[in-house]
Amino acid sequence: MSFCPNCGSEINGNPLFCPECGAYLMNAENQENGAAPQQSQPTPEQQAPVFAQQQQQPHPPVQQSSYQPHEQQPQQPTQQTYYQPPTQQQQPAQQAPYQPPVQQQQQAYNSYNYDPSAVQPMQEEKASTGLAILSFFIPLVGLILFFVKKNKQPKTAKACITAAAISILLSTVVSLTSKNKLKNEVAKLDEITTVASSEETTESAEQPAYDGVVYGTFDDKEYVNKYFGVKYTLPENFAFDSYENIANSTGDQLDSETGLPMTSYSTMKFYFDSMAVSTVNGSNITTMIFPANFLSDYADLKPDEYLQSVVEGGMGSRDNVNISDLYSLAVGDQTCYAMDATFSSEGVDLKTTYFIIEKDGSMFITQIMTTSNDTMEPKAYTAYFSAAE
């Protein structure tokens, strides 16, 4: 029993062709009878693929078919394949040795006759001066140009953003400088306005009266009389008394024109310009102004004579009065006539120093009076006096 080498069907007898697939059957009997057609032997190269395909895909079982060859036109015998050992299979073609990409590229250049010198080098980009100037004057444009050109024209983009940044920086510096300058100018203007307002206030407080005599002013720290050119700073524990309190303590009345306490005698009148009283021992510093038109009866008296008459007249009703002679006393940058006196009032011993400054017929007299509880001499308080500008 034999089988068809083509379809695997069982073959009974010695037919020339397979009754199922019509494949030519080459067996020993047919070869002896010379029944095989004249056909060339397949080469090993032709047989190898068929054998490999048969090895990879085994034949499925073949169903019986009712195929019958035509008697009138016999089927041409198919070529029968034979098993060939692996050693007879065709050897794979020899591959070209591996070449690095650089060598392959060089070969490609050489194959096309590539000439590197024939390629023109890329021209270097130059930053646009016009766009940079535009960015300096309009920084927003520079910012937009930077984002538009940063990939294709990086140098131009860099020049634009740099010019815009410089412009913003300079604008900021100029703005801050102008702001500080304006602030300083405003401060100076405020200072000038304040000084002018202060001068106006001082002038309004120092109203001229009675032949141009200007009365002094005082605040919490010092008394100033520019007309007579003298001022004094409050000693420790001293405070200025109000005009109302001065009038109440002296029994005088406030003048309707100046608002100052005014004292009238039979032959003279004068104003209490200021009074500073110690809050510890009752000592006080009192300034008095005798305007020229109040001194008509004393027009022929010199300052020293007038001081002497005032002191002697004021001490007439006191007890235990003792008056010194006239002497010179330096007050600020002026040399003044001065006198000292001691007396008793209501059982209290008091010491007094007077000095006088004369100007244009008007007299400025200061009385410094200390109590027995004060360790300082009245004359010592003149150290608090100085020249007024």
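No experiment lies behind these values; they were computed from the predicted model shown.
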Please set out all donor-acceptor pairs under 3.5 angstrom arising from side-chain atoms of residues 272-283, sequence neighbours excluded.
unit_1	atom_1	unit_2	atom_2	d
D273	OD1	G216	N	3.3
D273	OD2	G216	N	3.0
D273	OD2	Y223	OH	2.3
D273	OD2	N225	ND2	3.4
S274	OG	T287	OG1	2.5
S278	OG	V280	N	3.2
S278	OG	N281	N	3.4
S278	OG	N281	OD1	3.2
T279	OG1	N237	O	3.0
N281	OD1	S283	N	3.1
N281	OD1	S283	OG	3.0
S283	OG	T371	N	3.3
S283	OG	D374	OD2	2.8

Taking only distance into account, with no hydrogens and no angle test, what donor-acceptor pairs under 3.5 Å do side-chain atoms of residues 178-186 form with protein atoms, sequence neighbours excluded?
unit_1	atom_1	unit_2	atom_2	d
S178	OG	V174	O	2.8
N180	ND2	L176	O	3.3
N184	ND2	N180	O	3.2

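By the salt bridge (charged side-chain N to carboxylate O under 4.0 Å, His left out) test, E305 is found to be paired with no residue, residues two or more places apart in sequence or in another chain being considered. Every residue meeting the side-chain contact (heavy atoms from CB on, under 4.5 Å) condition with L254, not counting sequence neighbours, appears here in chain and number order: Y243, E244, A247, P261. The salt bridge (charged side-chain N to carboxylate O under 4.0 Å, His left out) search around K231 returns none, not counting sequence neighbours.
Scanning both residues, A164 and P139, for their nearest heavy atoms gives CB-O, 3.6 Å. Contact detail for F228 and S362: the closest heavy-atom pair is CE2-O, 3.8 Å.
In this structure the side chain of T352 never reaches within 4.5 angstrom of the side chain of P378, judged on heavy atoms. Within the 4.5 Å cutoff, the side chain of I368 has no heavy atoms near those of the Y384 side chain.
Of the inter-residue distances, the one linking I138 atom CD1 with C160 atom SG reads 12.0 Å to the nearest 0.5 angstrom. Annotation: the span from F355 atom CZ to Y327 atom OH amounts to 10.0 Å, rounded to 0.5 Å.
Hydrophobic clustering (side-chain heavy atoms under 4.5 Å, transitive across Ile, Leu, Val, Met, Phe, Trp, Tyr) groups Y354 together with L301.
The environment of D220 atom CG is sparse: at most 12 non-hydrogen atoms of other residues, nucleotides or ligands sit within 6.0 angstrom.
Counting only residues at least two apart or in different chains, salt bridge (Lys or Arg N to Asp or Glu O under 4.0 Å) contacts with residues 312-330 are absent.
Under a cutoff of 6.0 Å and an axis angle of 45°, K359 and Y227 form a cation-pi pair.
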Requested in this report: For ring-ring contact (aromatic ring centres under 6.0 Å, His included), just list the numbers for F238 and Y232, CA-CA rounded to whole Å, side-chain angles, deciding distance to a tenth of an Å, and then say yes or no.
Outcome: CA-CA 12 Å; F238 273 70; Y232 72 89; 8.8 Å; no

